[in-house]
Protein chains: 2
Amino acid sequence: MVGQIRDLIAEKGLTVGDGLPTERDLCTQFNASRNTVREAMRILKAYGLVEVRPKIGATIADNRLARAFDLFSFNTMEVSRKTFSDVQAFRDLLEVGSAEQIMDRITDRDIADLYALNGKLAEGADIHVASEVDYDFHYRLISILGNDAILDVYKVMKPVILRIMQKGKTRRSYKTETFAEHQGVIDALAARDRLAFQYRLRAHLMIGFKNFSDEMEGAA
Amino acid sequence: MVGQIRDLIAEKGLTVGDGLPTERDLCTQFNASRNTVREAMRILKAYGLVEVRPKIGATIADNRLARAFDLFSFNTMEVSRKTFSDVQAFRDLLEVGSAEQIMDRITDRDIADLYALNGKLAEGADIHVASEVDYDFHYRLISILGNDAILDVYKVMKPVILRIMQKGKTRRSYKTETFAEHQGVIDALAARDRLAFQYRLRAHLMIGFKNFSDEMEGAA
DNA sequence: GAACCATTTTGTTGGACCAAGATTCGTAAT
DNA sequence: ATTACGAATCTTGGTCCAACAAAATGGTTC
């Protein structure tokens, strides 16, 4: 069934944005029941090949890269020390490493958004909410690059990053230290001071590293 | 629905190989119809998280990596220009950006492996095999970092990267230019010349960029 | 031990209804 | 007569139900 629909798409030469026939049309076209067609559509949707909106119908899409990464967001796994250091090194590479491009592209809007996001940290919600905000901050930072592949990667790693943040921050105050570190990073951005930006961001990531290590020591 | 089933799995602590309740059980458990449950199961199956066989029922699995590959085997659709540039920029960030760490960690064994891999390029197999070797080369390069998170990301992006390679190289000779570029990169590594390494690697990636752009121009 | 049958479970079908967006059409105001 | 607005209708995906087909298991019988 999935194959038939794929063939249909290929045959008609449909491309991203085009609409598919309605589910009922597909039923008659392929002599299948609507439930069967629906299951096939579910699969195509899961593959990111179609987007389906109620009352609108299905349209061709290509979110496969994002879907591919979604696959791995199902991890509830425990974060090992190696995973932690790997992910943190990765983030350093991405966030600190792309400082130049960030400086090239950054707008006042970006800076305002970052200040706003960081402001939420100071409001002092519980640790889970604060972690989400923390993640959002870094995500927003990376989004300045306008690179969907990198954003997708960040989405994949979100569960792990969140866990790292929660774990690393149990004994630190989000309201004070993390907030201040973020603030320093944004200040450097606002001043278009690349070196300060890199230095402070790296320090911020390193502090998370140290806290996590201490946690692990304590746990072991 | 998918979320509910996921929660159920997490809650029960089920792991690969374990069986899920039957569809009808899930119906009563979640107060949903069998069709709804089935559609959710299709999604999970599409994600490679469950395997479902008649009479047996559904068992937990983890074929997510395999699924990630399947996603892109659907290729009647091609890599969009944005996906291409995103992925390529990402690779630049990773490979060129981690030059320092690579220099710190590299061993003679790494260099020997890279030379060996690149040697296969000169053997001049068809474009698909050559692309695989090309990918393997860059994968091996990144593996020097010993960072599993980054390696996983590379695995997921493999289908896209392969496609980019195939597309970019249709008119170039793997046996000559790509081989020579790689060789230059390894030579820089062998000489522990970080700047040369970065310069050559970046140039290598950029050439792929240019070729792809030309392809797109030609197609348009 | 092998052939056979009953049972369980997924696979598929056809139908039905709902909710909500899209469309149409009639009415009223200008 | 034309336009604007609102209500009725149509369309479409979302959900549900009941039933049958097909496949694989497990037990039963010879």
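As a basis for the values below, the full set of heavy atoms in this structure was taken, side chains included, without hydrogen atoms, waters or symmetry mates. Per chain, numbering begins at 1; letters A, B, ... match sequence-line order. None of these values were measured; they are calculated from a predicted model.
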Set of residues satisfying side-chain hydrogen bond (donor to acceptor under 3.5 Å, both in side chains) with respect to A/Asn147, sequence neighbours excluded: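 For A/Asn147 there are no side-chain hydrogen bond (donor to acceptor under 3.5 Å, both in side chains) partners, ignoring immediate neighbours.
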Name all residues meeting the side-chain hydrogen bond (donor to acceptor under 3.5 Å, both in side chains) criterion together with B/Asp136; count only those two or more places apart in sequence or in a different chain, and write none if there are none.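 Expected list: none.
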Taking any atom under 4.0 angstrom from a heavy atom of chain B, which nucleotides of DNA chain C are the first and last to qualify, 5' to 3'?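 From 5' to 3', the first and last contacting nucleotides are C/dT8 to C/dT12.
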Applying ring-ring contact (aromatic ring centres under 6.0 Å, His included), can you list everything that pairs with A/Tyr135, at least two apart in sequence or on another chain?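 Residues passing ring-ring contact (aromatic ring centres under 6.0 Å, His included) with A/Tyr135: A/Tyr139.
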State which residues pass ring-ring contact (aromatic ring centres under 6.0 Å, His included) with B/Phe30; sequence neighbours excluded, sorted by chain then number.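 Testing B/Phe30 for ring-ring contact (aromatic ring centres under 6.0 Å, His included), a comparison that skips the adjacent residues, returns none.
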Tell me, with the steps shown, if B/Leu8 and B/Leu26 meet side chain to side chain contact (heavy atoms under 4.5 Å, CB included). CA-CA 10 Å; B/Leu8 178 74; B/Leu26 291 173; 3.9 Å; yes
Near-strand residues of residues 27-36 of chain B, defined as heavy-atom separation under 4.0 angstrom from DNA chain D: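 Of all residues in residues 27-36 of chain B, the ones placing a heavy atom under 4.0 Å from DNA chain D are B/Asn31, B/Ala32, B/Ser33, B/Arg34, B/Asn35, B/Thr36.
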In chain order, what residues pass the salt bridge (charged side-chain N to carboxylate O under 4.0 Å, His left out) check against [X], with sequence neighbours excluded?
X        : result
B/Arg140 : B/Asp110, B/Asp113
A/Asp25  : none
A/Arg24  : none

Base, sugar-phosphate alone, or nothing: which one does A/Arg38 contact when heavy atoms must sit under 4.0 Å apart?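 Base, at least one base atom sits under 4.0 Å.
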At 4.0 Å (heavy atoms only), tell me whether B/Arg53 reaches a base, stays on the sugar-phosphate, or touches nothing.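 Sugar-phosphate only.
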Quick test of your reading: applying salt bridge (charged side-chain N to carboxylate O under 4.0 Å, His left out), list the pairs with at least one residue in residues 41-60 of chain A, sequence neighbours left out, ordered by first then second residue.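 Checked against salt bridge (charged side-chain N to carboxylate O under 4.0 Å, His left out) - neighbours excluded - the pairs reaching residues 41-60 of chain A are A/Arg42-B/Glu39.
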Table please: side-chain donor-acceptor pairs of residues 99-106 of chain A below 3.5 Å, with sequence neighbours left out.
residue	atom	partner	partner atom	Å
A/Arg105	NE	A/Ile144	O	2.9
A/Arg105	NE	A/Leu145	O	3.3

First and last nucleotide of DNA chain D, 5' to 3', lying under 4.0 Å from heavy atoms of chain A: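 Counting from the 5' end, contacts occupy D/dT12 to D/dC17.
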